[in-house]
Amino acid sequence: MAPVVVDELVKRYPKRPVNAVDGVSFHVERGEVFGLLGPNGAGKTTTVGVLTTRVRPTSGRGMVSGVDVVRDPVAARRRIGVVPQRSNLDRALSARQNLLFHAAYHGISAEMRRERAAALLAEFGLADRADDKVDFYSGGQSQRVMIARALMHEPDVLFLDEPTTGLDPQARLFVWDRIRDLRGRGVTMILTTHDMDEATQLCRRVGIMDRGKILALDTPDALTATVPGKNTLEVGIHSDGVDRPTFIELLAAVPGVERVEPVSQAPSGPLRLRLYVASDAPLMVAPVARVVSDAGGTLQELAIGKPSLEDVFIHLTGRALR
Amino acid sequence: MATVVAEPRVMHPSFLTVFVAILRRDITVTFREFPAFLAQVILQPLFMLFVFGRVLADLGFTRAGYAAQLFPGIVALTIAITGLQAVAFPLVIEFSFTKEIEDRLLAPIPTALVGLEKIVFAAIRSLIAGLVMFPVGFLVLGSIPFDLGRLWILVAFFILGSLAGGAMGLTLGTLTPFNRINIMFAIVLTPIIFTGCTQYPWPSLSKLPWFQVVTLFNPITYVSEGIRSALLPRGPHMPTWIAAALLIVALVGFSYVGITGFRRRAID
């Protein structure tokens with residue numbers, strides 16, 4: 001049986017007009033890193049909350065390692081590790097004590113606790129500060145302590161809720177490397193993120209969530225393949241007083257261009273557009289440039305790109321991720 | 001390399017093992033800051049004993065023997081308030097701000113037992129605080145009432161009062177939202193300090209019947225009266241069994257409300 005099975009999950013909070021989670025179903029294979037990608041408020045954290053026994057679903061079912069999380073939350077807790085969005089480390093304790101007590105809560109023997117804590121602290125680059133109170137740790141360090149803590153009882157499934165939100169780039173890369181290590185060792189993981197890079201880099205499959213629903217679910221490659229136009233062309237146009245919607249219309253009419261989307265809505269500065277093209281993007285540069293100059297504009301910026309998960313999200317919802 | 005394995009191997013600790021581990025965490029944190037804990041516990045009763053039991057007596061404002069009436073009440077107040085504060089204040093912060101409690105909520109144990117642990121831990125702090133009051137009382141007042149033959153009554157009310165204080169703290173802590181913390185404690189703490197028959201024995205309130213009725217709604221009244229009965233059996237006090245019975249009712253009631261509130265805060 002798949003380590004995580006979610007079936008028609010619904011969570012409705014009292015006095016809210018819409019469901020926070022609205023009929024979500026998916027499963028996660030053993031050893032897979034599964035991502036839930038979506039903007040804040042999409043229902044990712046609530047979904048994870050149900051699977052980690054902290055949120056009671058209105059209806060539907062969540063199973064972790066064959067255990068129904070609603071019927072037997074205690075058994076489910078034995079099998080899961082949770083890394084929350086915000087630090088919830090025990091501030092009265094050092095990093096090492098955080099790990100040791102966590103393992104004690106899970107019934108691991110004193111000798112085994114010490115061994116594992118030492119090994120994980122070393123692996124997460126925390127050995128030299130292990131006995132400092134976590135109150136004084138940076139965001140990145142706290143995040144590493146929380147991941148190490150979640151691994152102390154060797155969970156079947158590891159949940160990472162926005163694991164790198166708010167971290168500086170270096171700390172983010174360190175956390176990504178650790179997640180890749182764990183992936184290499186076959187740890188099953190569910191991670192939520194609103195960062196498409198993170199989802200693309202780490203996840204085998206991604207569920208794109210918005211307003212409580214999973215809109216699409218597949219590998220990042222398969223998802224991006226669904227965006228019309230295999231490639232994109234991003235242009236920045238100095239419009240010289242020409243009406244902006246005119247450019248959008250004209251460019252959409254160029255043969256081979258499937259769709260045109262404004263990238264930024266800034267009233268001043270160049271008009272930035274993303275063009276989804278069916279054929280090879282480089283071949284489209286010349287006709288696009290000609291249309292722009294014929295209309296009286298100047299092409300100031302040009303970039304050729306492949307569609308990203310962000311484009312998939314825009315394609316599905318008509319809105320940007322953030 | 002750390003020993004993370006792909007093959008699942010699930011630990012099945014007993015609820016007692018997990019409960020004890022959580023209790024051990026709280027005790028570790030308390031005892032590491034033992035002097036701070038003592039200061040927190042001792043200062044208020046010390047000044048109450050000093051001013052009401054010593055200064056007012058020496059100035060002739062109170063009658064002889066008042067200090068002996070006051071002491072059991074102060075012990076009761078210390079027990080109950082220590083227990084209440086050990087849970088209520090930290091719990092509001094843990095749920096709303098530090099989220100520290102989350103790791104314990106994810107321990108393999110029913111959530112109600114994590115709430116119960118809070119009551120038990122508070123009771124341990126209360127018992128220590130209550131015991132410390134004896135040397136403090138002796139130093140401040142010069143002599144304190146004691147009746148060895150009724151030690152078992154004292155022990156019983158120590159335990160019941162400690163647990164009741166913790167249960168009241170759990171109730172208050174789970175019902176108070178973070179942004180109401182200051183006002184809530186001001187509104188609740190001051191009245192319960194002064195309506196708990198700490199500074200006066202309950203039967204003597206017959207001259208002030210309406211207030212005598214008010215004090216019945218404060219569980220600290222039963223702790224005070226019970227400890228008075230244990231330490232000063234010949235002085236005025238509520239019948240011991242009535243105090244015990246009503247204290248048990250309060251303990252069960254507050255435990256139920258507190259643990260229910262705890263579960264509601266813990267699980268969305």
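- For B:Arg25 against A:Tyr105, the heavy-atom pair with the smallest separation is CG-OH, 3.2 Å.
- Counting non-hydrogen atoms of neighbouring residues, nucleotides and ligands closer than 6.0 angstrom, the CZ atom of A:Arg211 reaches no more than 12 such neighbours.
- Between B:Ala107 and A:His106, the shortest heavy-atom contact is CA-NE2, 4.3 Å.
- Residues B:Leu105 and A:Arg54 have side chains in contact (heavy-atom distance under 4.5 Å, counting atoms from C-beta outward).
- The pair B:Asp268-A:Arg56 does not count as a salt bridge, with every side-chain nitrogen at least 4.0 angstrom from each carboxylate oxygen.
- Of the two parts of A:Leu121, neither the backbone nor the side chain holds a non-hydrogen atom closer than 4.5 Å to a non-hydrogen atom of chain B.
- Heavy atoms of A:Ser87 lying under 4.5 Å from chain B belong exclusively to its backbone.
- Under a 4.0 Å N-O distance rule, the pair B:Arg104/A:Asp90 qualifies as a salt bridge.
- When atom types are taken as modelled, the side chain of B:Arg32 and the backbone of A:Ala92 share a donor-acceptor pair closer than 3.5 angstrom.
- Looking at A:Arg86 and B:Lys99, their side chains come closer than 4.5 Å, going by heavy atoms from C-beta outward.
- Per-residue heavy-atom pair counts under 4.5 Å with chain A were compared for B:Ile101, B:Ile22, B:Thr111, and the maximum is reached by B:Ile22.
- The nearest pair of heavy atoms linking B:Pro13 to A:Arg78 is CD-NE, 4.3 Å.
- Few gaps surround CZ on B:Phe134; more than 12 heavy atoms of other groups in view lie less than 6.0 Å from it.
- Neither the backbone nor the side chain of B:Phe19 comes within less than 4.5 Å of any heavy atom of chain A.
- In this structure, the side chains of A:Arg77 and B:Val18 stay at 4.5 Å or more apart for every pair of heavy atoms.
- In this structure, no portion of A:Pro3 lies under 4.5 Å from any heavy atom of chain B.
- Heavy-atom distances place the side chain of A:Tyr13, and not its backbone, under 4.5 Å from chain B.
- Remark: B:Phe217 CZ is loosely packed, at most 12 non-hydrogen atoms of other residues, nucleotides or ligands lying under 6.0 Å away.
- Residue B:Glu33 touches chain A through its side chain alone, counting heavy-atom pairs closer than 4.5 Å.
- Contact annotation for A:Gln97: only side-chain heavy atoms (C-beta onward) come within less than 4.5 Å of a heavy atom of chain B.
- Each of B:Asp103, B:Thr17, B:Ile109 has some count of heavy-atom pairs under 4.5 Å with chain A, and the biggest count is that of B:Asp103.
- Atom CZ of B:Arg263 has 12 or fewer heavy atoms from other residues, nucleotides or ligands within 6.0 Å.
- Looking only at side-chain heavy atoms (C-beta outward), A:Arg91 and B:Glu100 come within less than 4.5 Å of each other.
- A 6.0 Å sphere centred on CZ of A:Arg180 holds more than 12 heavy atoms belonging to other residues, nucleotides or ligands.
- A 4.5 Å side-chain heavy-atom check between B:Val29 and A:Leu93 finds at least one atom pair inside the cut-off.
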